[in-house]
Amino acid sequence: MQQMLAALTDADRLEVYNQLKAEYGIHPMEAHLKLTSDEILSALQKMKEQNGMPWRMLRGSLADLVYGVVVLPGLNGWSDVSFNGDMPYDYLLRSDAGEEVTVQIKLQRSEAGQPLEAKKNLGKDMFVVETQRTRGGKKGEKKTRPYRFGDFDLLAVSMFPSTGRWETYMYTVAKWLLPHPSEEGCLNTFQPVAKTPNADWTDSLEQAIEWLKSGQQKTITISTGPPSQQKLDL
DNA sequence: ATGAGTATAATACAGTCGCA
DNA sequence: TGCGACTGTATTATACTCAT
């Protein structure tokens with residue numbers, strides 16, 4: 001077969017490619033949008049070059065959606081419960097025993113295309129995640145841009161910006177996150193994320209669920225690293 | 001009851017401003 | 001002047017209010 005193809009002219013090879021693609025390769029999304037995959041990808045390329053909101057949004061949505069496709073199917077004893085309506089969490093998981101856990105997915109914060117390193121107020125050798133909604137609204141007098149403690153159980157941070165792999169996430173218990181200094185009951189806008197698993201952050205969803213079920217109360221630590229470097233910057 | 005208009009939700013990074 | 005906090009941005013869908 002390879003020899004057969006190699007014997008064809010370039011024009012014929014393209015013809016074969018196009019015919020086979022028409023026969024087998026139409027993704028439902030291509031049919032739905034009435035665009036070829038190449039046209040869709042070219043449009044996305046343009047979106048990336050504009051580097052505006054739509055591109056950022058797409059990346060954030062990918063971190064969310066890929067989670068349901070790549071991570072959750074491998075989780076034993078829990079199922080991904082679909083729901084409708086606007087919820088402050090992205091996933092609702094239900095165990096075989098009927099326990100429910102909610103998960104909010106966020107993309108690790110980048111700046112100028114590079115993973116953002118925490119400044120000293122968020123700790124040394126930490127990455128950053130932004131725990132506020134993209135746009136703000138108001139419900140009465142209350143701002144709806146920040147998340148509130150209790151909005152979701154676990155925070156999953158997609159580490160794609162630093163690992164280059166969509167299937168890598170770091171988890172912590174939402175109640176352990178830093179509180180906002182002025183907005184009562186809200187999460188701080190920025191949170192430090194450990195680069196490697198520690199007592200606050202884990203790369204295992206099962207571990208995070210255990211932490212949650214343990215009911216342990218604490219706040220994530222700002223500083224990591226060897227004790228010699230744990231001196232507080234006062 | 002229905003249409004118009006408004007508010008708010010979801011998605012992340014960049015720009016600006018105030019303060020030390 | 002550099003850090004950190006805050007706000008602005010594109011887009012679409014839906015829910016709600018208010019007037020006819």
Side-chain angles (χ1 to χ4, degrees), chain A residues 29 32-35 40 43-72 80-92 102-148 150-166 168-170 174 177-193 220 222-223 232-234:
Chain A
M29 194 50 71
H32 175 72
L33 292 174
K34 297 195 182 342
L35 291 168
I40 296 169
L44 291 179
Q45 180 72 37
K46 202 167 214 169
M47 185 196 274
K48 177 182 183 299
E49 283 158 12
Q50 291 171 351
N51 192 31
M53 284 293 275
W55 177 245
R56 298 178 209 165
M57 303 299 99
L58 178 65
R59 281 164 50 89
S61 294
L62 277 178
D64 173 354
L65 298 169
V66 161
Y67 194 75
V69 175
V70 173
V71 179
L72 292 183
D80 174 11
V81 182
S82 63
F83 58 88
N84 35 9
D86 282 334
M87 295 302 187
Y89 45 83
D90 297 316
Y91 289 94
L92 171 60
T102 56
V103 184
Q104 168 67 225
I105 316 286
K106 287 276 163 220
L107 188 61
Q108 177 195 358
R109 182 71 145 85
S110 296
E111 219 169 84
Q114 293 302 311
L116 182 61
E117 294 273 344
K119 308 289 193 262
K120 59 175 179 293
N121 67 321
L122 288 183
K124 264 178 129 63
D125 288 324
M126 305 283 275
F127 289 127
V128 177
V129 64
E130 181 171 337
T131 41
Q132 70 172 350
R133 293 183 175 84
T134 301
R135 293 206 65 174
K138 281 192 294 279
K139 198 134 206 155
E141 284 304 296
K142 284 225 164 75
K143 290 182 188 165
T144 55
R145 189 164 191 181
Y147 291 100
R148 310 185 68 79
D151 276 351
F152 49 91
D153 298 319
L154 297 177
L155 175 66
V157 182
S158 168
M159 303 306 284
F160 174 79
S162 56
T163 63
R165 294 189 296 129
W166 283 109
T168 53
Y169 292 82
M170 288 289 265
L177 292 167
L178 304 180
H180 197 281
S182 56
E183 295 288 328
E184 187 67 26
C186 292
L187 307 191
N188 198 29
T189 310
F190 296 106
Q191 307 282 341
V193 182
I220 56 174
I222 299 275
S223 197
L232 281 176
D233 233 343
L234 294 175

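When reading the values below, keep in mind they use all heavy atoms of this one structure, side chains included, and skip hydrogens, waters and symmetry mates. Everything quoted here is computed from the prediction, not taken from an experiment. Chain identifiers are assigned alphabetically (A, B, ...) following the order of the sequence lines, protein sequences preceding nucleic acid strands; residue numbering begins at 1 within each chain.
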Original post:
Who are the side-chain hydrogen bond (donor to acceptor under 3.5 Å, both in side chains) partners of A:T189, not counting sequence neighbours?
Top reply: none
Show each protein N/O and nucleotides 11-15 of chain B N/O combination with a separation under 3.5 Å, one pair to a line.
from, atom 1, to, atom 2, distance (Å)
B:dT11, OP1, A:D90, OD1, 3.1
B:dT11, OP1, A:Q104, OE1, 3.3
B:dT11, OP2, A:Y147, OH, 3.2
B:dA12, N6, A:T134, O, 2.3
B:dA12, N6, A:R145, NH2, 2.5
B:dA12, N3, A:R56, NH1, 3.2
B:dC13, OP1, A:R59, NH2, 3.3
B:dC13, O2, A:R56, NH1, 2.5
B:dC13, N4, A:E130, OE2, 3.0
B:dA14, OP2, A:A112, N, 2.8
B:dA14, N7, A:R109, NH2, 3.3

Original post:
Quick one: A:L116 CG to C:dC3 P, roughly how many Å, whole number?
Top reply: 12 Å
**OP:** Using the six-membered ring of A:Y147, assess whether NZ or CZ of A:R133 lies under 6.0 Å from its centre and within 45 degrees of the ring axis.
**Re:** yes
Can you give me the N/O atom pairs linking the protein to nucleotides 17-20 of chain B at distances under 3.5 Å, or say none if there are none?
none

**OP:** Apply the side chain to side chain contact (heavy atoms under 4.5 Å, CB included) test between A:L116 and each candidate in A:M126, A:E111, A:E130, A:Q108; give the one that qualifies.
**Re:** A:E111
Return all side-chain donor-acceptor pairs below 3.5 angstrom for residues 54-64 of chain A, not counting sequence neighbours, or 'none' if the list is empty.
from, atom 1, to, atom 2, distance (Å)
A:S61, OG, A:M57, O, 3.0
A:D64, OD1, A:Y91, OH, 3.3

Original post:
Among A:V103, A:V81, A:D80, which residue meets the side chain to side chain contact (heavy atoms under 4.5 Å, CB included) test with A:L92?
Top reply: A:V81
Original post:
What distance separates A:L155 CG from A:K106 NZ, expressed to the nearest 0.5 Å?
Top reply: 8.5 Å
Original post:
Does the side chain of A:V193 reach to within under 4.5 Å of the side chain of A:R109, using non-hydrogen atoms?
Top reply: no
Original post:
How far apart are the closest heavy atoms of A:F190 and A:L178, and which atoms are they?
Top reply: O-CD1, 4.3 Å
Subject >> For A:D90, all residues meeting side-chain hydrogen bond (donor to acceptor under 3.5 Å, both in side chains), sequence neighbours excluded >> reply: none
Subject >> Duplex segments of DNA chain C, taken as runs of at least three Watson-Crick or G-U pairs that stay under 3.5 Å >> reply: B:1-20 with C:1-20
**OP:** Kindly compute the distance separating CG (A:N188) from CD (A:Q132), expressed to the nearest 0.5 Å.
**Re:** 9.5 Å
